[in-house]
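Structure, as structure tokens:
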Amino acid sequence: MKYINTQNLVEQFNIENFKMANGKDYKLFACVHKVKDMGQFAFVMLRTGRYVIQSVYEPDNCTAKLDGIKEGCYVEAFGIVNEEPRANYGFELRLTDIKLLSVPAEEYPLHVSARKLGCSMDANLKYRSTALRNPVERAVFKISEGVCEGFRQFMLKNGFTEIHSPKIVAAGAEGGANIFRLKYFDRDAYLAQSPQFYKQTCVAVFDRVFEVGSVYRAEKHNSARHLNEYIGLDFEMGYINDMYDVMAMETAMLKYVFEYISKNYENELKICGAKVPVIDQIPSVTFLEAIEIVGGNKNKHDLDPQDEVKLCEYFAKEKGSEFVFITHFPAAKRPFYAMDNKEDPRTAESFDLLFRGLEITTGGQRIHNYDEQIAKMTKMGMNPEDFESYLQIHKYGMPPHGGLGIGLERIVMKLLNLSNIRQASLFPRDINHLDP
């Protein structure tokens, strides 16, 4: 019989510990990012899970030969930490030994060690597992991690309960044709367009809930801003006065997230050359006011991508804000669970949040009254019997509530000024890509 000793866990490389070991022996596990032969010595760039560390190979000081050590090899490196202002992070490792752990069977198909890959999007996605090893590509997903962690921390600090809703469902939350169908034993089922029904259900249980999870949309878009599977950051909250309570919560959350990223992901922000916005207050205008600003047709029912760009440019210039809320969209174009405005039922208590020219959030106040929800479904040509399990939450009582959903890839895309949303998705799923 053997017991596992948790006292001997393999340590992950820590940059601060590395710096504090100046003048001392140090060991790290890494991948050889690049070898620069300088004649009498060589620089061996070592790529850890988050950093690229400069090490120096000198034949007289290292017991191992450099033969066979090449880009893509995984190694166990030993050496003495040395302060060197010209090195990454101001320190380097003077190698005393280096042991091969793994040797690649073939050379990389992409220039992983280049500042940027410099390849086409098709090549990037074809060789995705290799492309992600590039430090710039990789940094995108550390920042994505930071957005999720900041979001989760804020939610928990503000009394929200984390939930995990099913992704195989009996009915779509949004309805329409943009839903993936599948066979579930002897029944028809769908991939979840949103955790909406489950968020609302859980508000009656926990008061406030949030989720980070996959969302599926069967839209045949092939644009730089759409994916068929993306990660949604959702929350729902009870006992609200109106949708502005939801907007205030999102504003506070985004402020927290960006401050969290600035504090904990300085390395990746520098690698990506990103500028993190500072949020104080976010301006808000109605849909009709937004249409006037962009000089559009007042009979429009939604904003198009050009409108979103124009609005963000306007508010960046006039109000100094890279964000703007658009409220009171036409009710006919919002989901059946969106509450209609009491003063003007043609509009919904619903909003979008735009960031640097792109919609990143849709949210609003939901209908909590059973009769009101039945009436709106009927008005929209829906059969309430098809939503019997969903309507139980209204039938047995709900507090006034509202919430929102944020597209993780969209917010990261705009935060890092990426040109294509696929760059912000680890393994993108669109109409052309189901692999890797």
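Within the model, atoms CD of E322 and CG of L354 stand 12.5 Å from one another, a figure rounded to the nearest 0.5 Å. Between atom CD of residue E268 and atom CD of residue E266 there is a gap of 10.0 Å, rounded to the nearest 0.5 Å. Remark: T361 OG1 to L233 CG distance equals 8.5 Å, nearest 0.5 Å. For the atom pair CZ of R410 and NZ of K414, the computed distance is 9.5 Å after rounding to the nearest 0.5 Å. One distance of note links CG of N228 with NE2 of H433; it measures 11.5 Å at 0.5 Å rounding. Here the CZ atom belonging to F323 is positioned 4.0 Å from the CD1 atom belonging to I279, to the nearest 0.5 angstrom.
Ring pair Y337/Y390: centre-to-centre distance not below 6.0 Å. For Y51 and F18, the ring centers sit 6.0 Å or farther from each other.
Under the 30°/60° scheme for interplanar angles, the aromatic rings of Y26 and F13 are found to stand perpendicular. F210 and F151 have perpendicular rings, their planes meeting at more than 60° on a 0 to 90° scale where under 30° would count as parallel. F160 and F235 have perpendicular rings, their planes meeting at more than 60° on a 0 to 90° scale where under 30° would count as parallel.
For OH of Y260, the number of neighbouring non-hydrogen atoms (other residues, nucleotides, ligands) closer than 6.0 Å is greater than 12. Within 6.0 Å of atom NE2 in H111, 12 or fewer heavy atoms from other residues, nucleotides or ligands are found, so the atom counts as exposed in its surroundings. Other residues, nucleotides and ligands contribute more than 12 heavy atoms inside 6.0 Å of the NZ atom of K167. Annotation for K275: atom NZ does not count as buried by contact number, only 12 or fewer foreign heavy atoms lying within 6.0 Å. Annotation: M20, atom CE; neighbour count of heavy atoms from other residues, nucleotides and ligands within 6.0 Å does not exceed 12. In K310, the NZ atom is not crowded: 12 or fewer heavy atoms of neighbouring residues, nucleotides or ligands sit closer than 6.0 Å. Atom CD of Q281 has 12 or fewer heavy atoms from other residues, nucleotides or ligands within 6.0 Å. Around the CD atom of E343, the shell of radius 6.0 Å holds no more than 12 heavy atoms that belong to other residues, nucleotides or ligands.
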Run the numbers on H401 and H368 for side chain to side chain contact (heavy atoms under 4.5 Å, CB included), then give the verdict.
CA-CA 7 Å; H401 65 284; H368 60 272; 3.9 Å; yes
Candidate pair T286 and T347, rule side chain to side chain contact (heavy atoms under 4.5 Å, CB included), full reasoning
CA-CA 10 Å; T286 67; T347 66; over 6 Å; no
Could you walk me through whether I240 and Q365 pass the side chain to side chain contact (heavy atoms under 4.5 Å, CB included) test, one step at a time?
CA-CA 8 Å; I240 64 171; Q365 184 168 7; 3.8 Å; yes
Let's go through Y230 and L408 carefully: what are the C-alpha distance in whole Å and the side-chain angles of both, what is the deciding distance for side chain to side chain contact (heavy atoms under 4.5 Å, CB included) to 0.1 Å, and is it a yes or a no?
CA-CA 7 Å; Y230 65 90; L408 173 63; over 6 Å; no
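Side-chain atoms of S144 and K142 form no donor-acceptor pair, as typed in the model, at a separation below 3.5 Å. Using modelled atom types, one finds no donor on one side chain facing an acceptor on the other under 3.5 Å when comparing Y239 with D245. Between the side chains of Q54 and N88, not a single donor N or O lies within less than 3.5 Å of an accepting N or O. Neither side chain, Q392 nor E388, offers a donor N or O lying under 3.5 Å from an acceptor on the other. For the 3.5 Å distance criterion, the side chains of H328 and E349 qualify, holding a donor opposite an acceptor.
Between I15 and N267 the shortest side-chain heavy-atom distance does not fall below 4.5 Å. Put simply, the side chain of V32 does not reach to within 4.5 Å of the side chain of K70, judged on heavy atoms. Between F351 and S284, the closest side-chain pair of non-hydrogen atoms is not below 4.5 Å. Put simply, the side chain of M45 does not reach to within 4.5 Å of the side chain of S113, judged on heavy atoms. The side-chain heavy atoms of E71 and E107, taken from C-beta on, include no pair separated by under 4.5 Å. When side chains are defined from C-beta on, C202 does not count as touching T161, because their heavy atoms never get closer than 4.5 Å. By the 4.5 Å heavy-atom criterion applied to side chains, V112 and Y127 are not counted as neighbours. V257 has its side chain out of reach of F154: every pair of non-hydrogen atoms, C-beta onward, lies at least 4.5 Å apart.
Salt-bridge annotation for K263 and E149: absent, with no side-chain N of the basic residue lying under 4.0 Å from a carboxylate O of the acidic one. A salt bridge links D234 with K199: the closest approach of a Lys/Arg side-chain nitrogen to an acidic carboxylate oxygen falls below 4.0 angstrom. Of the charged side-chain nitrogens involved, at least one lies within less than 4.0 Å of a carboxylate oxygen, so that E308 and R225 count as a salt-bridged pair.
Considering Q373, E236, Q200 in turn, E236 is the only one that fulfils the side chain to side chain donor-acceptor pair (under 3.5 Å) rule with R366.
In terms of heavy atoms, C119 sits closest to A123 at CB-CB, 4.1 Å. For the residue pair T378 and P384, the shortest heavy atom distance occurs at OG1-CG, 4.1 Å. For the residue pair I179 and L191, the shortest heavy atom distance occurs at CG1-O, 4.0 Å. Residue A139 comes nearest to I271 through the heavy atom pair CB-CG2, 4.0 Å, listed as atom of the first residue, atom of the second, then distance. Considering all non-hydrogen atoms of both residues, I326 and F329 come closest at O-CE1, 3.2 Å. A pairwise comparison of heavy atoms in A290 and V285 identifies CB-CG2, 4.2 Å as the closest pair.
Not one N or O on the side chain of S321 forms a donor-acceptor pair closer than 3.5 Å with the backbone of I282. Checking side-chain atoms of R356 against main-chain N and O of N417 turns up no donor-acceptor pair under 3.5 Å. Within the 3.5 Å criterion, the main-chain N or O of A131 finds no donor-acceptor partner in the side chain of N134. With N341 contributing its side chain and D344 its backbone, the two residues share a donor-acceptor pair below 3.5 Å. When atom types are taken as modelled, the side chain of Q193 and the backbone of N178 share a donor-acceptor pair closer than 3.5 angstrom. Not a single donor-acceptor pair under 3.5 Å links the side chain of H394 to the backbone N or O of I374. A donor-acceptor pair is defined here as one N or O able to donate and one able to accept, closer than 3.5 Å; no such pair exists between the side chain of R429 and the backbone of L227. Side-chain atoms of R334 never come within 3.5 Å of backbone atoms of P330 as a donor-acceptor pair (strictly under, hydrogens ignored).
Judged by the 6.0 Å distance and 45° axis criteria, R50 is positioned over the aromatic ring of Y265.
The side chain to side chain donor-acceptor pair (under 3.5 Å) contacts involving residues 114-126 comprise N124-R128, N124-E137, where partners must be two or more places apart or lie in separate chains.
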